[in-house]
Amino acid sequence: MIDRALVDEILARTDMEGLVGSYVTLKRAGANYSGLCPFHSEKTPSFTVFPADGSFYCFGCGVGGNAITFVRRIENLDFTEAVSHLARRAGIRIPETSLKSVSPQYDKNRFYEMNTKAARFFHRALFADTPDARAALAYFTDTRKMSLATVKHFGLGYAPNDWSFVDYMKKEGYTDEELSLGFLCGKSEKGSLYPSFRGRVMFPIIDLSGRVIAFGGRVMDGSQPKYKNSSDTPVFHKGNNLFALNFAHKHCAERIILCEGYMDVIAMHAAGFPYAVATLGTAIRPEQARLLSRYTKKVILSYDSDEAGQRATDKAISLLEDVGLEVSVLHIEGAKDPDEYIRERGAESFRALLGESHTKFDFNFNRILKKYDLNIPQQKIEAIDALCDVIAGVYSSVEREIYIAEGAKRLSVDPKNLAADVSKKIAIRKRNATKDEAKSAREVLGGFGDKVNTDFAKMPRVARLEETVLGLLQLYPEYRTRTFGKEPLLTEDDFLTELGKRVFCFIRDAEAEDGFDSALLDTAFTPDEVGRIAGMRVLRLRLSDNGSAVFEECVTALKDAVATEKKKDAPPSFDTLNDLLNRKRSQS
């Protein structure tokens, strides 16, 4: 564990506004700052930074905490890594003896080292003097026209079609469990280890700190699956990373090209477009969209032109626009992907193509034109309906007006009629959204779907009272003194939800040791749990009356609610059973 005094110093020297402001555009709101939440998509700011106590909270998605929690979430780090990150930012040196991860499950540094050794193994295997290795290298240099410099720049490799990788990693001292958890090996039904990647060319995935975190593997023939990618591991989560962002983040302030495949990205970088990245074997996720928004202003989408690629493009446009990015779509003719286009027509031709990338409206309108024949009245009606759906989904009224005028012109219809149909679509969307919000509100009040406090739905009244009391205990030292004195007002038996009990015990134990401090929460709770606990405190802060009478009333109400709940679960007494038996006898 890092010394508490050192953690306190790091937090004291961390400018919360400056830290969050390096990821989020903040605007002053009284004594605080607000902005669009970096952890969920929103158009109206609900994310607030409280400089007075160095905390943050989002009233939209419920995340919250202090600087440590913020860094843990946004950089996907554990407690020790987050504190080290803040220490470097504040110019504070942490003793090496304090840097061991507090996680009881695994040491992340060991996984990073394991991945680095695996990457070196694959890279050396690519240049081995064997027929398979020569074929793999030829795939890159002859088939894909890559230079050796490009191969080495991206650390590309080859996974031999044998068990030599397992033997090598075992000799390096890695256990079966580590190799399996890191998705480098799998286990057969008999329990023996086998390589996860065999007979594939390899693409190491590297994070912004230059650490190898995962791999992608591609076959060199037509066999399936064409690509195989690492599953989530202790150091890798697909939604939090993008291939080649470790190179692209230095060049993408104005725009970034988002691709589907590794080969497209490598071809673009080699041709002089070092601001290309790719999703990792899946369609873009909200976390990846938010990640991109931290590094660029505009995204050019370069997905396949087949139906699946078009659906992925449509989804990507929505997610990227939700985080405030300008989006356009690359339209390639005469080649199946950017890699082939660059190889056949050259970099300058591709540069010109980038300048002609389509707007979202053009992309959607062209899709509609391909699907419907406007010379057939019924199909033209269906095309107009599809266009109205697209325009109704646009947030900006000015943008909608422009699209209505342009759509009416291209479809040869009266813009007033088109606008009326769009208004009807918007009204339907609003009604549906209102119904969904009401349903969601009912579920939230009842605790249904609560993944942080899974006991909430079973006993919502108890859970709400627990959170009220815990919020007050966090805020006021005098309430902690009264609660944990010689004659305690509350004990852990007065809390029925598992989360409430854990938080109460943590506050009690921390108070008894050196005094409770919210900065300590990150040592014992997940970021989601810290956000929930922070919410308990923030929601009490928003109320005008948190006096001692209120606290005592809440404690009494909690005890009464717990007693009532326990009675429900208590087995019936002998007298109760006897009365029930006598009533049944008299009835018969």
Side-chain angles (χ1 to χ4, degrees), residues 16-52 55-65 69-70 73-74 239 284-299 314-327 360-361 389-403 422-423 425-445 449-450 452 527-528 531-532 534-543:
M16 193 65 179
E17 177 202 345
L19 172 67
V20 177
S22 63
Y23 299 91
V24 180
T25 300
L26 296 174
K27 293 182 179 179
R28 183 173 284 281
N32 305 317
Y33 293 85
S34 67
L36 295 175
C37 181
F39 304 115
H40 83 287
S41 298
E42 62 177 5
K43 292 183 172 69
T44 303
S46 58
F47 181 86
T48 304
V49 174
F50 306 94
S55 67
F56 74 95
Y57 188 73
C58 177
F59 294 93
C61 66
V63 304
T69 323
F70 183 83
R73 274 188 168 279
I74 206 152
I284 187 171
R285 300 181 180 187
E287 298 87 350
Q288 290 170 319
R290 289 192 285 274
L291 178 62
L292 284 169
S293 71
R294 286 158 50 186
Y295 296 101
T296 193
K297 300 174 183 176
K298 177 180 179 179
V299 174
D314 203 34
K315 178 184 177 182
I317 289 173
S318 176
L319 289 175
L320 293 166
E321 286 192 334
D322 278 348
V323 297
L325 288 167
E326 180 187 343
V327 186
K360 175 185 72 174
F361 179 76
D389 270 329
V390 170
I391 299 174
V394 175
Y395 180 73
S396 166
S397 55
V398 173
E399 196 176 347
R400 283 201 303 270
E401 187 178 342
I402 293 170
Y403 291 160
V422 169
S423 295
K425 296 274 187 184
I426 292 172
I428 293 170
R429 284 171 179 250
K430 285 181 178 178
R431 284 199 298 272
N432 292 338
T434 300
K435 289 179 183 177
D436 291 341
E437 286 172 8
K439 181 182 177 183
S440 178
R442 288 194 298 270
E443 290 176 349
V444 168
L445 285 172
D450 191 332
V452 179
D528 284 342
R532 182 61 161 270
M536 300 174 193
R537 178 178 58 83
V538 171
L539 293 175
R540 289 311 307 178
L541 270 176
R542 300 180 81 188
L543 299 176

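Note that these values count all heavy atoms, side chains included, but never hydrogens, waters or copies made by symmetry.
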Visitor: I'd like to know whether F50 forms a side-chain contact (heavy atoms from CB on, under 4.5 Å) with V538, so could you lay out the CA-CA distance, the side-chain angles of the two residues, the decisive distance to 0.1 Å, and finally the verdict.
Guide: CA-CA 10 Å; F50 306 94; V538 171; 4.2 Å; yes

Visitor: For a quick test of reading the model, state the closest non-hydrogen atom pair linking H40 to C58 and the distance between them.
Guide: CE1-SG, 3.4 Å

Visitor: Holding to side chain to side chain donor-acceptor pair (under 3.5 Å), I want the full list of residues that pass it with E401, two or more places apart in sequence or in another chain.
Guide: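 Counting only residues at least two positions away or on another chain, E401 forms no side chain to side chain donor-acceptor pair (under 3.5 Å).
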
Visitor: If every non-hydrogen atom of L26 is compared with every non-hydrogen atom of G35, which pair is closest and at what distance?
Guide: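 Taking every non-hydrogen atom into account, CD2-N, 4.2 Å.
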
Visitor: Main chain of P38, side chain of R290: is a donor-acceptor contact present, judged purely on distance under 3.5 Å?
Guide: yes

Visitor: One pair to check against side-chain contact (heavy atoms from CB on, under 4.5 Å): K360 and V327. What are the steps and the verdict?
Guide: CA-CA 7 Å; K360 175 185 72 174; V327 186; 5.8 Å; no

Visitor: Can you name the nearest heavy-atom pair linking V323 to A289, along with the distance?
Guide: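 Looking at all heavy atoms of both residues, the shortest contact is CG2-O, 3.6 Å.
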
Visitor: Determine, step by step, whether E399 and I402 satisfy the side-chain contact (heavy atoms from CB on, under 4.5 Å) criterion, reporting the C-alpha distance in whole Å, the side-chain angles of both residues, the deciding distance to 0.1 Å, and the verdict.
Guide: CA-CA 5 Å; E399 196 176 347; I402 293 170; 5.7 Å; no

Visitor: Any side-chain to backbone donor/acceptor pair from S318 onto K315? Under 3.5 Å, distance only.
Guide: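 Checked: no pair found.
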
Visitor: Going from CG on D528 to SG on C61, what distance comes out if it is rounded to the nearest 0.5 angstrom?
Guide: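 With rounding to 0.5 Å, CG (D528) is 9.0 Å from SG (C61).
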
Visitor: The criterion is side chain to side chain donor-acceptor pair (under 3.5 Å); which residues satisfy it with K425, sequence neighbours excluded?
Guide: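 K425 satisfies side chain to side chain donor-acceptor pair (under 3.5 Å) with D385, D389 only.
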
Visitor: What do the steps show when you test R537 against L541 for side-chain contact (heavy atoms from CB on, under 4.5 Å), and what is the final call?
Guide: CA-CA 6 Å; R537 178 178 58 83; L541 270 176; 3.9 Å; yes

Visitor: Is it true that a side-chain atom of E42 and a backbone atom of C37 form a donor plus acceptor pair closer than 3.5 Å?
Guide: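 Yes; at least one donor-acceptor contact below 3.5 Å.
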
Visitor: Does atom NZ (K43) have a neighbourhood of more than 12 heavy atoms from anything else shown, all under 6.0 Å?
Guide: yes

Visitor: P51 and N32: which non-hydrogen atoms are nearest, and at how many Å?
Guide: CD-OD1, 3.8 Å

Visitor: Output the distance between atom CZ (F59) and atom CZ (F47), rounded to the nearest 0.5 Å.
Guide: 11.0 Å

Visitor: What closest approach, in Å, do M16 and S55 show between heavy atoms, and which atom pair accounts for it?
Guide: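 In terms of heavy atoms, the two residues are closest at CE-C, 4.0 Å.
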
Visitor: Out of curiosity, K27 NZ to L36 CG, how far, rounded to the nearest 0.5 Å?
Guide: 8.5 Å

Visitor: Step through it carefully: locate the ring centre of F39, locate the ring centre of F70, and say whether they are under 6.0 Å apart.
Guide: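 Aromatic pair counts; centres sit under 6.0 Å.
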
Visitor: In the structure I gave you, are the side-chain heavy atoms of I284 and L292 within less than 4.5 Å of one another anywhere?
Guide: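 Yes. Closest side-chain heavy atoms under 4.5 Å.
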
Visitor: Find the distance between CG (L291) and CD1 (I74) and round it off to the nearest 0.5 Å.
Guide: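 Reported value, rounded in 0.5 Å steps: 9.0 Å.
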
Visitor: Between T69 and F56, is any pair of side-chain heavy atoms under 4.5 Å apart?
Guide: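 T69 reaches F56 side chain to side chain.
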
Visitor: Return the OG to CD distance between S22 and E17, rounded to the nearest 0.5 Å.
Guide: 11.0 Å

